[in-house]
> 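Below: one structure in structure tokens.
Basis for what follows: all heavy atoms, side chains included, without hydrogens, waters or symmetry-related copies. Since this is a predicted model, take the numbers as computed values, not measurements.
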Amino acid sequence: MRYRPACAYIDLNALQHNLRVIKSKAPEAKILAVVKANGYGHGINRVVRHLSQADGFGVASLDEAMVLRQQGFLHRILLLEGLFSEAELPLVAQNRLDIVVHSLYQLEWLLDFHCDCKLNVWIKIDSGMHRLGFSKEEFPQVLEQLEAVSDRYRLFTISHFSCADEDTLEAQEFTHKQLETFYDLTDPLSYPKSIANSAGIIYYPQSHFDWVRPGIMLYGAGADPQDNLQLKPVMRLESKLQALRWVKAGEPVGYGNCWTASRKSLIGVVAIGYGDGYPRHARNGTPVLINNRRVPLVGRVSMDMITVDLTDIEGEFNIGDTAVLWGDEQLSVDEVAEYSGTIGYELLCGITKRVTKIER
């Protein structure tokens with residue numbers, strides 16, 4: 001039985017719709033749906049069941065991959081960060097997993113490992129993000145070593161954009177430089193190529209190549225509304241009003257007295273807080289929907305509650321009225337993230353276990 005009213009509705013039709021949008025944007029490429037971090041907070045088993053039309057799945061680590069294999073999913077599964085231990089290789093081979101190789105120590109593990117099957121190996125190139133991957137100077141030698149035992153591997157090439165989602169001239173120039181680096185190294189090769197994340201899919205069609213790797217856009221977030229992609233939010237976070245009270249002008253509300261009423265104000269208390277994953281750093285004015293009307297958050301977010309100012313909204317409010325925190329046409333997770341000084345990814349991934357997830 002569910003007692004606490006905070007819940008996240010997961011719209012699986014919206015998830016499938018977003019996959020169709022991605023297919024329309026990159027019709028010639030195969031789709032590796034990124035489902036790491038528990039499906040961006042939506043539930044990895046849940047989202048994978050409804051992404052069967054994808055060509056494969058991207059996860060962060062072997063434990064995530066094993067969850068999918070144990071549930072019977074037979075799709076291609078790519079370990080996007082490769083191996084954390086040499087001891088993982090037998091399980092990789094046994095479960096027919098694809099692996100990224102991004103460092104020389106991983107390459108040594110791979111070359112020392114022998115099995116009866118061909119492994120799918122994605123050579124990661126550092127095209128400018130300087131996080132993981134072989135430099136353009138290292139790449140030819142790495143490629144040569146793997147090609148020398150080509151009977152043991154099927155090779156792919158992969159890289160990652162660092163700022164393809166930013167619209168400044170500097171960011172665009174850097175993204176083009178990354179794309180040029182990746183293209184120069186891989187164009188002479190016949191191996192499948194992948195560099196496009198969600199932003200690459202949307203803004204850089206020349207980056208689609210053989211495989212695209214949508215993440216945040218699968219879940220209906222991360223895209224500028226002006227792009228008119230018609231992505232649909234998959235998660236709708238809701239709770240309910242649990243208290244109503246009038247405060248006088250000059251009275252503070254919440255921890256730290258960080259908001260003070262400038263007039264007589266009707267304050268609503270909503271049963272959600274940072275213990276549920278709502279961002280503690282959401283500032284005064286962050287929008288919340290109560291009965292489909294936007295109202296501002298006031299006062300500091302606490303572990304279990306937030307407070308909102310209902311003074312300017314006409315009509316009656318009642319205990320138990322629905323509050324939408326994000327995931328509505330009027331209020332996206334990206335807008336809440338902007339008010340909170342973060343990104344939608346963090347908010348979606350940060351929903352805690354005490355929030356009930358309900359499929360619809």
> If I compare all heavy atoms of Pro5 with all of Ala271, which pair ends up nearest, and what's the gap?
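Heavy-atom minimum between the residues: CG-CB, 3.7 Å.
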
> Does any pair with a residue in residues 216-265 pass ring-ring contact (aromatic ring centres under 6.0 Å, His included), and if so which ones, sequence neighbours excluded?
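Residue pairs passing ring-ring contact (aromatic ring centres under 6.0 Å, His included), neighbours aside: Tyr40-Tyr219, His42-Tyr219.
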
> Of all heavy-atom pairs between Lys36 and Ala60, which one has the smallest distance, and what is that distance?
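Minimum heavy-atom contact is CB-N, 3.7 Å.
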
> Check whether more than 12 heavy atoms from other residues, nucleotides or ligands sit under 6.0 Å from atom CZ of Arg245, and answer yes or no.
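Open.
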
> Tell me, yes or no, whether the heavy-atom count around Gln330 atom CD, taken from other residues, nucleotides or ligands under 6.0 Å, exceeds 12.
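Yes, CD of Gln330 has more than 12 neighbouring heavy atoms, counting only those of other groups under 6.0 Å.
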
> Can we say Arg46 and Glu359 salt-bridge, meaning some charged N sits less than 4.0 Å from an Asp/Glu carboxylate O?
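A salt bridge links Arg46 with Glu359.
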
> Is the closest basic N to carboxylate O distance between Arg69 and Glu64 below 4.0 Å?
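Glu64 and Arg69: not salt-bridged.
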
> Main chain of Asp321, side chain of Asn318: is a donor-acceptor contact present, judged purely on distance under 3.5 Å?
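Looks like no, no N/O pair under 3.5 Å.
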
> Are Lys136 and Asp126 within salt-bridge range, i.e. N to O under 4.0 Å?
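Looking at Asp126 together with Lys136, the answer is no, because their closest N to O distance does not fall below 4.0 Å.
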
> Among Val298, Leu289, Val288, whose side-chain contact (heavy atoms from CB on, under 4.5 Å) with Val308 holds?
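Only match with Val308 under side-chain contact (heavy atoms from CB on, under 4.5 Å): Val288.
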
> With clusters defined by side-chain heavy atoms of hydrophobic residues (ILVMFWY) lying less than 4.5 Å apart, directly or transitively, does Leu297 cluster with Ile290?
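Looking at the clustering, Leu297 is in the same group as Ile290.
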
> Can you name the nearest heavy-atom pair linking Asp165 to Ala199, along with the distance?
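Closest pair (atom of Asp165, atom of Ala199, distance): N-CB, 3.5 Å.
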
> For the NZ atom on Lys232, are there more than 12 heavy atoms of other groups (residues, nucleotides or ligands in this structure) within a distance under 6.0 Å?
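At most 12 heavy atoms, drawn from other residues, nucleotides or ligands, come within 6.0 Å of this atom.
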
> Are Asp309 and Arg263 close enough for a salt bridge, meaning some N to O gap below 4.0 Å?
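Looking at Arg263 together with Asp309, the answer is yes, because their closest N to O distance falls below 4.0 Å.
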
> I need the full list of side chain to side chain donor-acceptor pair (under 3.5 Å) pairs touching residues 10-31, with sequence neighbours left out, sorted by first then second residue.
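Residue pairs passing side chain to side chain donor-acceptor pair (under 3.5 Å), neighbours aside: none found.
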
> Decide whether Thr260 and Glu251 meet the rule of one side-chain donor and one side-chain acceptor closer than 3.5 Å.
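Thr260 vs Glu251: no donor-acceptor pair found between side chains.
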
> Considering all heavy atoms of both residues, which atom of Ala223 and which atom of Leu229 are nearest to each other, and what is their separation?
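Smallest heavy-atom distance, with atoms named: CB-CD1, 4.0 Å.
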
> Got more than 12 heavy atoms from elsewhere within 6.0 Å of NZ, Lys240?
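Buried by this count: over 12 neighbours within 6.0 Å.
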
> For Arg280, I'd like to know if atom CZ has over 12 heavy atoms of other residues, nucleotides or ligands within 6.0 Å.
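Counting other residues, nucleotides and ligands, CZ of Arg280 stays at 12 neighbours or fewer.
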
> How about Asp116: does its CG atom have over 12 heavy atoms from other parts shown lying under 6.0 Å from it?
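No, CG of Asp116 has 12 or fewer neighbouring heavy atoms, counting only those of other groups under 6.0 Å.
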
> Are Phe174 and Ile195 linked, directly or through other ILVMFWY residues, by side chains that come within less than 4.5 angstrom of each other?
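In one cluster: no.
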
> Do the side chain of Glu138 and the main chain of Ser135 share a donor and acceptor less than 3.5 angstrom apart?
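Present.
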
> Assess, by modelled atom type and distance only, whether the side chains of His102 and Gln106 contain a donor and an acceptor separated by less than 3.5 Å.
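Yes - a donor-acceptor pair under 3.5 Å links their side chains.
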
> Main chain of Phe113, side chain of Arg152: is a donor-acceptor contact present, judged purely on distance under 3.5 Å?
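Side chain of Arg152 to backbone of Phe113, a donor-acceptor pair under 3.5 Å: yes, one is there.
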
> Given side chains that start at C-beta, do those of Glu335 and Thr286 come closer than 4.5 Å, heavy atoms only?
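Side chain of Glu335 against side chain of Thr286, heavy atoms only: no contact under 4.5 Å found.
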
> Is Lys353 salt-bridged to Asp276, going by a charged N under 4.0 Å from an acidic O?
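No, Lys353 and Asp276 are not salt-bridged.
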
> If you define the side chain from C-beta out and look only at heavy atoms, does anything of Leu179 sit under 4.5 Å from Gln206?
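Yes, their side chains come closer than 4.5 Å.
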
> May I have the step-by-step check of side-chain hydrogen bond (donor to acceptor under 3.5 Å, both in side chains) for Gln178 and Ser159, ending in yes or no?
CA-CA 9 Å; Gln178 281 195 269; Ser159 191; 4.9 Å; no

> Do you know the tightest heavy-atom contact between Phe156 and Tyr191?
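Looking at all heavy atoms of both residues, the shortest contact is CA-CB, 4.2 Å.
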
> Identify the heavy atoms of Ala54 and Leu19 that sit nearest to each other, and give their distance.
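Distance-wise, the nearest heavy atoms are N-CD2, 3.9 Å.
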
> Please identify each residue that fulfils ring-ring contact (aromatic ring centres under 6.0 Å, His included) with Trp326, with sequence neighbours left out.
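ring-ring contact (aromatic ring centres under 6.0 Å, His included) list for Trp326, sorted by chain: empty.
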
> Identify, with sequence neighbours excluded, every residue that meets ring-ring contact (aromatic ring centres under 6.0 Å, His included) alongside His281.
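Once residues adjacent in sequence are excluded, His281 has no partner under the ring-ring contact (aromatic ring centres under 6.0 Å, His included) criterion.
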
> Among side-chain atoms of Ser194 and Arg213, is any donor-acceptor pair under 3.5 angstrom?
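Yes.
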
> What distance do Ser61 atom OG and Glu81 atom CD have between them, rounded to the nearest 0.5 Å?
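Rounded to the nearest 0.5 Å, the OG-CD separation comes out at 7.0 Å.
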
> Under a single-linkage rule joining Ile, Leu, Val, Met, Phe, Trp and Tyr whose side-chain heavy atoms are separated by less than 4.5 Å, which residues share a cluster with Phe84?
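ILVMFWY cluster around Phe84 holds nothing else.
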
> Check the surroundings of atom CD in Glu329: do more than 12 heavy atoms from other residues, nucleotides or ligands lie under 6.0 Å from it?
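Counting other residues, nucleotides and ligands, CD of Glu329 stays at 12 neighbours or fewer.
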
> Tell me whether Leu348 is reachable from Tyr9 by hopping between hydrophobic residues (I, L, V, M, F, W, Y) whose side-chain heavy atoms are closer than 4.5 Å.
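No.
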
> Under the side chain to side chain donor-acceptor pair (under 3.5 Å) rule, collect the residues that match up with Glu180, sequence neighbours excluded.
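Not a single residue meets the side chain to side chain donor-acceptor pair (under 3.5 Å) criterion with Glu180.
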
> According to the interplanar angle, ranging from 0 to 90°, do the rings of Tyr204 and Phe161 count as parallel (below 30°), tilted (30 to 60°) or perpendicular (above 60°)?
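Aromatic pair Tyr204/Phe161 classed tilted.
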
> Could you check whether Tyr105 and Trp109 have their ring centres less than 6.0 Å apart?
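Judged by ring-centre distance (under 6.0 Å), Trp109 and Tyr105 do meet the cut-off.
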
> Within a 6.0 Å radius of atom NZ on Lys177, are there more than 12 heavy atoms belonging to other residues, nucleotides or ligands?
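It does not: Lys177 NZ has 12 such atoms or fewer within range.
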
